[in-house]
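For clarity, every value in this text was computed on a predicted model and none was experimentally measured.
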Number of protein chains: 4
Amino acid sequence: MELKRIGILTSGGDAPGMNAAIRAATRCAIYKGLEVIGIRRGFEGLLEGDVVPLTSRSVGGIIHRGGTILRTARSERFKKPEGQVEALDRLKKLDLQGLILIGGEGTFKGAWALYKKGFPVVGIPGTIDNDVAGTDVTIGFDTAVNTALEAVRKLRDTASSHDRLFIVEVMGRNSGFLASMVALASGAEYVLVPEIPSDIEKLCDKLYNARRQGKTHSLIVVAEGVMSAQDLALRLKDTAGYEARVTVLGHIQRGGSPTAFDTVLASRMGACAVEALVEGKSGVMTAVQKDEMATPPLSVAWEEKKPLSADLLSLMDMLSI
Amino acid sequence: MELKRIGILTSGGDAPGMNAAIRAATRCAIYKGLEVIGIRRGFEGLLEGDVVPLTSRSVGGIIHRGGTILRTARSERFKKPEGQVEALDRLKKLDLQGLILIGGEGTFKGAWALYKKGFPVVGIPGTIDNDVAGTDVTIGFDTAVNTALEAVRKLRDTASSHDRLFIVEVMGRNSGFLASMVALASGAEYVLVPEIPSDIEKLCDKLYNARRQGKTHSLIVVAEGVMSAQDLALRLKDTAGYEARVTVLGHIQRGGSPTAFDTVLASRMGACAVEALVEGKSGVMTAVQKDEMATPPLSVAWEEKKPLSADLLSLMDMLSI
Amino acid sequence: MELKRIGILTSGGDAPGMNAAIRAATRCAIYKGLEVIGIRRGFEGLLEGDVVPLTSRSVGGIIHRGGTILRTARSERFKKPEGQVEALDRLKKLDLQGLILIGGEGTFKGAWALYKKGFPVVGIPGTIDNDVAGTDVTIGFDTAVNTALEAVRKLRDTASSHDRLFIVEVMGRNSGFLASMVALASGAEYVLVPEIPSDIEKLCDKLYNARRQGKTHSLIVVAEGVMSAQDLALRLKDTAGYEARVTVLGHIQRGGSPTAFDTVLASRMGACAVEALVEGKSGVMTAVQKDEMATPPLSVAWEEKKPLSADLLSLMDMLSI
Amino acid sequence: MELKRIGILTSGGDAPGMNAAIRAATRCAIYKGLEVIGIRRGFEGLLEGDVVPLTSRSVGGIIHRGGTILRTARSERFKKPEGQVEALDRLKKLDLQGLILIGGEGTFKGAWALYKKGFPVVGIPGTIDNDVAGTDVTIGFDTAVNTALEAVRKLRDTASSHDRLFIVEVMGRNSGFLASMVALASGAEYVLVPEIPSDIEKLCDKLYNARRQGKTHSLIVVAEGVMSAQDLALRLKDTAGYEARVTVLGHIQRGGSPTAFDTVLASRMGACAVEALVEGKSGVMTAVQKDEMATPPLSVAWEEKKPLSADLLSLMDMLSI
């Protein structure tokens with residue numbers, strides 16, 4: 001099956017930089033003599049045949065845009081075996097010989113199903129959570145960290161005008177990459193992540209000691225997967241009478257123009273995915289490992305658990321004195 | 001009592017631009033041959049004599065800083081008649097013949113008490129809520145609107161990637177100035193403000209009709225004084241089964257560098273306040289009325305209620321089709 | 001001639017907020033039962049009949065975008081009488097009974113020519129220069145000031161690390177509105193504007209005195225109409241041996257998302273322009289005068305000269321001590 | 001000589017993140033039981049004994065600030081052997097047993113001189129140019145790239161409103177790291193870097209072909225070390241009649257709050273430098289190599305030449321079609 005025409009889709013939660021990856025994959029494929037089809041709304045759009053041709057011009061002016069021009073959607077149908085057979089059928093009717101899928105673990109599992117049925121697929125890790133094992137970084141993480149950091153820095157202004165305690169809830173249902181980076185970069189005093197059991201009494205003790213040593217304001221970053229900022233505020237009040245102000249960043253963290261890092265990462269990964277397909281690889285993802293491009297199997301994403309950096313957490317402890 | 005030395009304090013919630021007002025008042029006073037004393041932590045600091053001399057150099061490099069270098073604090077003592085007598089005493093001991101107070105309605109009521117006792121005071125309206133009658137604008141409002149707007153614009157990116165409903169909670173316990181400006185400027189579909197009774201069923205009908213007409217995503221801005229974003233989300237779910245994503249901006253809205261508008265407004269008001277004291281005025285605030293500087297009595301702030309612009313609200317209705 | 005269908009075009013230099021004005025005019029016109037046609041590339045596109053229908057949906061998602069979706073272009077043909085006759089002809093062939101033109105003085109002169117020939121026109125002042133007499137503010141000015149201010153604030157960081165002199169060149173061929181607002185808001189020590197003759201020797205004296213009084217770094221804002229930053233740097237070196245670092249902001253000042261102020265201003269002006277056409281007005285512009293909407297004749301734009309605020313300039317002098 | 005007390009200085013051009021490195025080194029040293037002295041204005045301040053004690057509190061609130069609280073300055077005296085002897089003498093009088101120096105190649109050569117005389121030194125690479133061999137990244141580079149990128153993105157708005165050609169001059173006297181990253185991340189069509197000979201005729205051919213293929217606007221990024229943007233504009237005009245608009249970012253690129261990446265990098269390097277001194281290392285720099293911390297000899301900085309990534313340049317070529 002000669003490679004002449006490939007498809008691209010985005011699936012799951014969107015992340016800044018996805019458009020830069022779409023642009024890079026499209027232009028790189030065209031550069032190598034391939035045609036490119038954009039599949040809209042992820043697996044759902046694939047099942048419905050909701051497609052649009054992609055050209056060098058049609059991906060112009062999107063490199064800096066947040067979100068994804070191909071949109072994403074959930075697909076219950078694709079989760080079932082029949083749906084996957086149907087999807088395979090649709091890929092053939094569309095005359096595609098390869099598919100690039102941009103998203104997180106869920107997207108990669110879907111890609112894996114197609115790969116197992118013999119269809120050439122390459123995944124590109126795009127999620128603000130950075131919780132994809134196999135790659136050191138994912139597209140969108142750097143942008144989300146900076147977006148949250150900018151928000152937290154604004155709290156610092158008002159915090160130092162008063163004697164205050166702030167709680168900021170950031171994204172991260174199962175992982176604390178975002179929370180810990182935001183905490184370290186903002187100089188937050190405390191961070192609560194899903195990977196480490198929370199001890200509210202110990203947190204209250206720390207707050208108490210910090211006040212006694214002259215800290216007039218404190219900042220706590222909490223990943224949504226631990227508890228909501230509102231719940232944490234209630235628990236601090238119940239335990240030690242502290243009054244905390246609450247910010248919930250929510251989906252703001254998914255938006256905005258990608259940073260330079262994410263734009264370049266997405267561009268490299270988009271080109272790398274096309275090259276992998278051209279070289280006949282399948283069932284792999286584009287990855288950065290120790291600062292170099294790699295193409296590990298997609299299955300690493302769910303077979304391994306990517307750990308938080310213990311170094312960074314202990315650094316944070318040392319620097320928040 | 002010849003004017004030779006004046007004090008400046010900030011009180012209540014801080015607002016971006018307060019530092020620019022402190023700088024302008026200080027340099028203008030020095031230009032006019034006066035000495036300037038900064039009183040830290042508002043009325044509480046006044047009672048404690050917590051002061052710092054302000055010079056042209058010491059207010060250098062603060063024009064763009066959020067928060068207030070003089071800090072603010074609540075003072076229960078000053079609310080009592082004895083506290084106010086004590087404060088007057090302290091002002092005399094500090095050899096001050098005039099006082100500039102930057103803050104909102106609560107600050108102005110405190111200033112009024114000193115004025116009633118014969119001490120020369122001028123208020124500068126600084127609050128992100130813009131809810132001070134007597135002046136068309138307050139310091140910090142333009143910055144807070146832009147800060148919230150930037151956040152909401154990031155939601156748009158991700159909103160258009162999915163079919164989604166977002167709720168953003170902004171500040172405003174008793175007034176909807178911030179909420180309505182953010183809604184209008186962001187192109188939000190709906191806004192809930194304290195001045196207008198909320199009708200959740202009607203809101204659900206509107207959402208339903210918008211979807212039918214092809215709107216794939218909607219944004220609701222709600223002022224905290226109406227209800228929390230979390231409560232609104234629950235009510236939308238109960239009433240019509242809608243799933244909404246929630247963002248609570250919180251004190252982020254108070255932070256950040258002041259916009260050009262707020263910086264210039266603060267500079268003009270700082271200079272105007274000094275001029276008012278020099279001209280022997282007291283019990284007044286600096287104000288902008290129809291784009292010109294004015295000095296109405298402080299009491300206007302609580303004797304009148306500043307209305308939302310009906311024009312802007314009906315404009316929003318028309319433009320969100 | 002009953003009003004059923006109107007056209008919108010943007011002409012001259014683009015300004016942030018033009019898209020918000022296009023959206024508001026379009027939606028307001030549709031709300032009032034009119035059809036709307038977008039004319040691309042200004043008068044040149046009008047002559048070529050380069051048009052696109054505008055609907056509520058097609059102007060969705062543009063409120064925050066810089067530039068103009070209708071683009072602009074120069075037209076030598078339209079400047080000649082024959083071109084104007086041709087344009088009139090084209091307007092009739094397009095079955096338009098009214099035209100909204102967004103731009104500066106040049107655009108308004110073109111609109112005036114059509115008005116003189118009996119075609120209903122309303123102008124909307126959109127230019128970052130704010131140099132349109134008849135309105136206190138133009139769309140894009142507030143955004144450009146804030147864009148330049150953010151850039152200048154970054155210079156402050158590095159300026160205070162060294163002992164340094166910086167020159168920033170901002171836009172403004174014939175007017176100093178942008179330069180003077182940026183200078184005032186950034187706390188710049190000096191500003192050179194076209195309205196006031198420059199005295200380089202006096203500037204050098206001021207720099208010298210400031211250094212002697214302990215100022216370790218200074219910032220000069222110069223409008224491009226006075227001289228280039230590079231030329232100013234050479235003259236400072238020749239006159240007094242000062243070494244200055246140069247920044248030329250260029251067209252960056254035209255870009256970026258419009259501020260809340262510009263977005264709301266553009267929305268109000270877009271709606272106001274439609275209302276003016278509906279009420280049978282022609283040959284007028286939408287304007288803000290003392291904070292209220294007005295519709296003065298277009299000709300005010302070139303018959304009067306809008307002065308810089310002397311108050312703001314003297315305030316700057318006082319505050320840069 | 002037991003390590004009890006260390007000094008920190010910043011030298012050369014400032015870079016965003018230097019303050020985060022000062023904070024991290026100070027707090028880490030205190031955590032390890034050391035005292036910390038800040039030396040102001042680099043080697044010049046060292047010779048003059050211009051010092052300030054640094055404590056956990058005194059480095060609070062600086063993590064996000066651009067510039068350097070310790071300031072920098074040039075020192076002609078330190079370049080001479082006598083000056084270096086004097087500096088050594090001063091270090092002993094200050095009772096310091098170790099010195100951390102933050103800066104670029106020039107700073108490291110100064111550090112090397114002290115190391116050769118037996119004084120324990122560790123360098124931290126801080127420069128927006130990223131041109132220090134031995135480390136993959138330097139503090140400030142990521143921030144400068146993002147600052148320039150934001151500026152260039154604003155040009156895109158106005159570029160797509162007109163048919164236009166823009167030139168942006170970025171920093172980089174001897175290296176094109178900044179220029180090439182900005183070009184790649186912004187989707188610029190062309191980049192001129194000092195490492196590769198420029199061919200203006202070929203550039204004009206490319207511009208001509210792009211226009212013929214329907215590109216309506218183009219962006220050229222040029223490193224200052226190649227030629228000034230103004231000169232490039234003249235040459236494009238002379239060679240092919242192109243009219244280009246010019247932006248010179250200048251020292252804006254040194255300012256602004258550090259990005260999350262730079263803040264975390266600076267924090268890690270600050271801590272790593274203290275650990276290196278504690279472990280008895282000297283004459284080394286803190287470095288990131290393949291995403292891991294390392295401490296190569298300072299001399300690598302001038303003995304090796306750090307190459308531009310050929311991969312990134314060819315990627316840019318492929319993606320700008």
Can you tell me how far [atom2] of [Y] sits from [atom1] of [X], rounded to the nearest 0.5 angstrom?
X: B:Phe261; Y: C:Leu149; atom1: CZ; atom2: CG; result: 14.0 Å
X: C:Asp311; Y: B:Met293; atom1: CG; atom2: CE; result: 9.5 Å
X: C:Asn146; Y: B:Asp142; atom1: CG; atom2: CG; result: 7.0 Å
X: C:Lys290; Y: B:Asp136; atom1: NZ; atom2: CG; result: 11.5 Å

Of the backbone (N, CA, C, O) and the side chain (C-beta and beyond), which part of B:Arg156 lies under 4.5 Å from a heavy atom of chain C, both, or neither? neither

What part of B:Glu292 is in contact with chain C, defined as an atom under 4.5 angstrom from a non-hydrogen atom: side chain, backbone, both or neither? side chain

I'd like to know if the side chain of B:Asp291 and the backbone of C:Asp291 have a donor-acceptor N/O pair within less than 3.5 Å.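 Not at all, since once roles are kept as given, no pair shorter than 3.5 Å links the two residues.
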
Counting distance only, does the side-chain N/O of B:Arg23 pair as donor-acceptor with the main-chain N or O of C:Leu319 below 3.5 Å? yes

B:Ser267 side chain near C:Leu315 side chain, heavy-atom distance below 4.5 Å: yes

Name the member of C:Gly60, C:Ala266, C:Pro258, C:Gly61 that forms the most heavy-atom pairs with chain B at distances under 4.5 Å.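 Most heavy-atom pairs within the cutoff with chain B belong to C:Pro258.
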
If I compare all heavy atoms of [X] with all of [Y], which pair ends up nearest, and what's the gap?
X: C:Cys28; Y: B:Met318; value: SG-CE, 3.5 Å
X: C:Val264; Y: B:Leu184; value: CG1-CD2, 3.9 Å
X: C:Val145; Y: B:Ala260; value: CG1-CB, 3.3 Å

By a 4.5 Å heavy-atom criterion (distance strictly below it), what part of C:Ser257 contacts chain B: side chain, backbone, both, or neither? both

I'd like to know which of B:Arg153, B:Arg268, B:His64 tops the heavy-atom pair count under 4.5 Å against chain C.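 The answer is B:Arg153.
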
